[in-house]
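Keep in mind it's a predicted model, so treat the numbers as computed, not measured. Position 1 is the first residue of the sequence; numbering continues from there. Note that ligands are numbered from 1 as they come in the structure, with each ligand's atoms numbered from 1 the same way. We use all heavy atoms of the structure for the numbers below, so side chains are in, but hydrogens, waters and symmetry mates are not.
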Amino acid sequence: MAGNTYANMLAALDNAAAKLGLREEEYSFLRTPEREVKGSFPVKMDDGHTEIFEGYRIQHSSMRGPCKGGIRFHPETDEDEVKSLAAWMSFKCAVANIPYGGGKGGVTVDPAKLSKAELERLTRAYVKLITPVIGPKQDIPAPDVNTNAQIMGWIVDEYSKLTGEFTPAVVTGKPLSLGGSLGRPAATGRGILFTAREMYKRLGKSLKGATVAVQGFGNVGSVAAQLLYREGCKVVGISYAFGALYCEDGLNIDEIISTGYQADLTGYNAEGVKHITNEELLTLSVDILVPAALENAITEKNVDTINAGLIVEGANGPINAAADAVLQEKGITVVPDILANSGGVIVSYFEWVQDLQCYFWSEEEVNSKLERQISEAFAAVYNTAKENNVPMRIGAYMVAVARIVEAAKLRGYVG
Ligand code: NAD
């Protein structure tokens, strides 16, 4: 995905800057990352042999505050991918109006091939590589693809040992007992509900009875499906890695989740439920489609089969640039990823604030603060898009770029 994705990011940045009337020298600092750490490190495997792994931490911008963004463990992770993801984080944090820049990290590894002990040794070795550039006031990682709360716990421990101070605020997405926040695991999916609701309010419609299809039933997709279902939507389709479920009258998402089948729904059966393919799920005629699996789910190859009234992007980059242009022509509104899936980073910010204060909030408090923050971000993007007669994706980039450039001007970097 990588090279292309970075080019897409640059195109969106240039487009937004042109709409804002910015001169190139006023925003060109956003075209390249501020700092790239790349290194390789040895890890002793269980059978005694040593393997060398490559890892990255890329800090795209710290203009609005410390860099913020996840760590990905994936066999195809490379520098270009991490670079694109780091830039997206700068824009996402600026749209959410939280006091962060953007960064991202990754290790080229297939964690499914490692034992738990090997994964822990790999994580600790990676922390040694990035410790000089991370910290609560410098760069705050979090989980991303194939990393989780346990891995964040090891990072807290290794970083605290290396620096000599217990520092839970160095990462977010931690276990609760190590300074994690209530509401963090469900935050991204909850943000999807809030942004869909805000969009529907603007359209003068209610979510009750709206038909929904969700691609991907993982952390983001399953929570989004469940919350939309509880809001009264008719969730007619959900897909997972090996297939999809469809029910014309609506699936019982609470029941599906309670069966513990989230990862593989091949064996799920209920009255009126049909098993369809992943591809068919994307073609369903629905009011709202939530792509919440991986990047590039909707491209020029399948965009003509999309039959949704509104698309709310749960995943990062699920629609490529060519498909985006077609959707725009067709008049299908897209709530863009850097707004729609920002619930996770917003609650990560709340986690960091709680860690720095050593004072923790109730789940209700976290959820209501999330609703306020993401609704304000939605209003800024929606109004900017409307006033400038541009799609919401460009509106979101305009909001982000304007906020980052304002910080750069106030700090004295650009005139
Ligand atoms: P996850 O691994 O928990 O879930 C992804 C799900 O998609 C898995 O269940 C997988 O089986 C399924 N899947 C894979 N290929 C599929 C396909 N072709 N069709 C249908 N389903 C498929 O990951 P996640 O945390 O839910 O993240 C999903 C996306 O959201 C990623 O793009 C991620 O970067 C983005 N995101 C996640 C968060 C977060 O807080 N977790 C925040 C912002 C953005």
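Residue-level proximity to ligand 1 for Arg72 is carried by the side chain, the only part with a heavy atom below 4.0 angstrom. The proximity of Asn316 to ligand 1, defined as any non-hydrogen pair under 4.0 Å, involves the side chain as well as the backbone. By the criterion of a heavy-atom distance under 4.0 Å, neither the backbone nor the side chain of Glu313 is placed next to ligand 1.
The protein heavy atom nearest to atom 27 (O) of ligand 1 is Val220 CG2, 3.8 Å. The protein heavy atom nearest to atom 40 (O) of ligand 1 is Thr188 OG1, 2.7 Å. Ranking protein heavy atoms by distance to atom 41 (N) of ligand 1, first place goes to Asn219 ND2, 3.1 Å.
Close contacts between ligand 1 and Asn278 involve ligand atoms 17 (C), 18 (N), 19 (N), 20 (C) [criterion: under 4.0 Å to a heavy atom]. Less than 4.0 angstrom separates some heavy atom of Ala315 from each of these atoms of ligand 1: 29 (C), 30 (O), 32 (O), 35 (C). Of all the atoms in ligand 1, the ones that sit under 4.0 Å from a non-hydrogen atom of Gly314 are 30 (O), 35 (C), 44 (C). The Arg184 neighbourhood of ligand 1 comprises atoms 40 (O), with distances under 4.0 Å to a heavy atom of that residue. Counting atoms of ligand 1 from 1 in the listed order, those under 4.0 Å from a heavy atom of Ala293 are 7 (O), 13 (N), 16 (C), 21 (N), 22 (C), 28 (C), 29 (C), 31 (C), 32 (O). The contact set between ligand 1 and Gly216, taken as ligand atoms under 4.0 Å from a residue heavy atom, comprises 7 (O), 20 (C), 21 (N).
Residue-environment remark: NZ (Lys161) exceeds the threshold of 12 foreign heavy atoms within 6.0 Å. When the shell of 6.0 Å around CD of Glu51 is examined, it contains more than 12 heavy atoms from other residues, nucleotides or ligands. No more than 12 heavy atoms of other residues, nucleotides or ligands lie within 6.0 Å of CG in Asn389, so this atom counts as exposed by the packing criterion.
By the side-chain contact (heavy atoms from CB on, under 4.5 Å) test, Ser362 is found to be paired with Glu364, Glu365, residues two or more places apart in sequence or in another chain being considered. For Ala321, the side-chain contact (heavy atoms from CB on, under 4.5 Å) criterion is met by Asn8, not counting sequence neighbours.
Within a 4.0 Å radius of atom 2 (O) of ligand 1, the protein contributes no non-hydrogen atoms. Less than 4.0 angstrom separates atom 23 (O) of ligand 1 from none of the non-hydrogen atoms of the protein.
Checked against a 3.5 angstrom limit, the closest N/O atoms of Lys92 and ligand 1 fall outside it. The shortest N/O to N/O separation between Ala292 and ligand 1 does not fall below 3.5 Å. Considering backbone and side-chain N/O of Asn341, none are found under 3.5 Å from N/O of ligand 1.
Between Arg35 and Asp139, no side-chain nitrogen of the basic residue sits less than 4.0 Å from a carboxylate oxygen of the acidic one, so the salt-bridge criterion is not met.
Remark: side-chain polar atoms of Asn307 are not paired, donor with acceptor, to backbone N or O of Leu284 under 3.5 angstrom.
A cation-pi geometry, defined here as NZ or CZ lying under 6.0 Å from the six-membered ring centre and within 45° of its normal, does not hold between Lys274 and Tyr246.
Ring geometry, Trp361 versus Phe350: the interplanar angle falls from 30° to 60°, so the pair is classed tilted. Between Tyr349 and Tyr100, the ring planes are perpendicular. Angles over 60° get that label, and only those under 30° would be called parallel.
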